[in-house]
Amino acid sequence: MTDKAAPARAGAKGPDELRRQIEQTRSELGRTVEELAGKMDVKGRAKARAADLRDKAGAMTVQLRSTAAQAGHTVQEKATHAGHKVQDRAVKAGHSAQDTARSTGHEMEHRAVSGVPQPARPLVRAATRHPRPVLLIGAALVTVVVVGWRYPKK
């Protein structure tokens with residue numbers, strides 16, 4: 001019984017075929033010896049493995065740097081967005097404070113003017129609009145009165 005899947009090796013039918021079979025056997029034997037030598041070359045295999053690991057480490061380094069840069073950009077965008085939100089809120093709060101101060105100032109001016117006799121109203125209105133000169137003049141008058149009271153003429 002002959003197995004048809006595996007070719008049967010029969011003897012050579014002539015010197016040419018015998019030479020061809022010998023050459024084929026030498027070639028197969030050479031490949032087998034190279035494979036065995038490669039498996040026995042521990043130093044060479046270790047160098048090849050180290051080169052593979054270096055390549056993998058380099059690729060991972062590039063990937064990690066890219067991921068870190070992307071994360072940095074994301075954080076920067078979020079911080080900028082948060083900064084704009086804070087700035088908008090501060091501007092709104094500033095406008096609200098200005099409006100409150102303006103309305104309070106108008107109310108104080110109205111109260112100050114409404115309780116003063118008619119001839120003095122323009123002076124009181126000017127004093128409420130420009131309080132600094134009025135305060136300076138008032139301080140000077142108080143100083144004159146105190147000095148006059150404290151050091152009377154003899």
Side-chain angles (χ1 to χ4, degrees), residues 3-7 9 20-21 23-154:
D3 188 10
K4 292 184 179 180
R9 289 203 140 172
R20 189 185 57 75
Q21 286 179 354
E23 192 60 39
Q24 183 179 0
T25 304
R26 280 183 184 161
S27 175
E28 288 176 11
L29 185 60
R31 282 193 301 267
T32 305
V33 167
E34 284 178 12
E35 287 178 17
L36 288 173
K39 288 183 179 180
M40 296 302 293
D41 184 18
V42 176
K43 187 176 181 181
R45 286 177 38 202
K47 284 183 179 180
R49 178 76 173 140
D52 288 345
L53 290 174
R54 272 194 301 273
D55 291 344
K56 278 185 180 181
M60 288 179 76
T61 301
V62 169
Q63 185 179 8
L64 286 173
R65 284 182 181 166
S66 173
T67 303
Q70 189 176 17
H73 290 302
T74 301
V75 168
Q76 187 176 12
E77 287 174 7
K78 287 184 178 183
T80 301
H81 184 67
H84 288 306
K85 276 187 173 180
V86 168
Q87 186 177 11
D88 290 344
R89 288 181 183 167
V91 167
K92 286 179 183 177
H95 288 301
S96 175
Q98 282 178 343
D99 292 343
T100 302
R102 217 177 272 126
S103 67
T104 303
H106 289 305
E107 187 176 328
M108 287 177 61
E109 183 180 342
H110 177 69
R111 284 183 185 174
V113 171
S114 65
V116 175
Q118 184 62 31
R121 284 187 184 174
L123 289 174
V124 172
R125 197 172 280 131
T128 57
R129 287 188 184 147
H130 308 289
R132 190 172 282 157
V134 173
L135 287 173
L136 289 172
I137 293 169
L141 284 173
V142 167
T143 304
V144 167
V145 169
V146 168
V147 168
W149 175 68
R150 183 103 195 228
Y151 304 105
K153 290 187 179 182
K154 293 182 187 185

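Numbering of residues begins at 1 and proceeds along the displayed sequence.
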Q) Is the backbone N or O of A139 less than 3.5 Å from a side-chain atom of T143, with the two atoms forming a donor-acceptor pair by type? A) yes
Q) Just how far is it from atom CG of L29 to atom CD of E34, taken to the nearest 0.5 Å? A) 10.5 Å
Q. Is the backbone N or O of Q70 less than 3.5 Å from a side-chain atom of T74, with the two atoms forming a donor-acceptor pair by type?
A. yes
Q: Have a look at T80 and tell me which of H84, E77, K78 forms a side chain to side chain contact (heavy atoms under 4.5 Å, CB included) with it.
A: H84
Q. Can you tell if the side chain of R45 reaches within under 4.5 Å of the side chain of R49, non-hydrogen atoms only?
A. no
Q. What's the verdict on side chain to side chain donor-acceptor pair (under 3.5 Å) for R65 and T61, showing C-alpha distance, side-chain angles and the deciding distance?
A. CA-CA 6 Å; R65 284 182 181 166; T61 301; over 6 Å; no
Q. Is there a donor-acceptor contact under 3.5 Å from the side chain of T25 to the main chain of Q21?
A. yes
Q: Walk me through it: do R102 and D99 pass the test salt bridge (charged side-chain N to carboxylate O under 4.0 Å, His left out)?
A: CA-CA 5 Å; R102 217 177 272 126; D99 292 343; 3.2 Å; yes
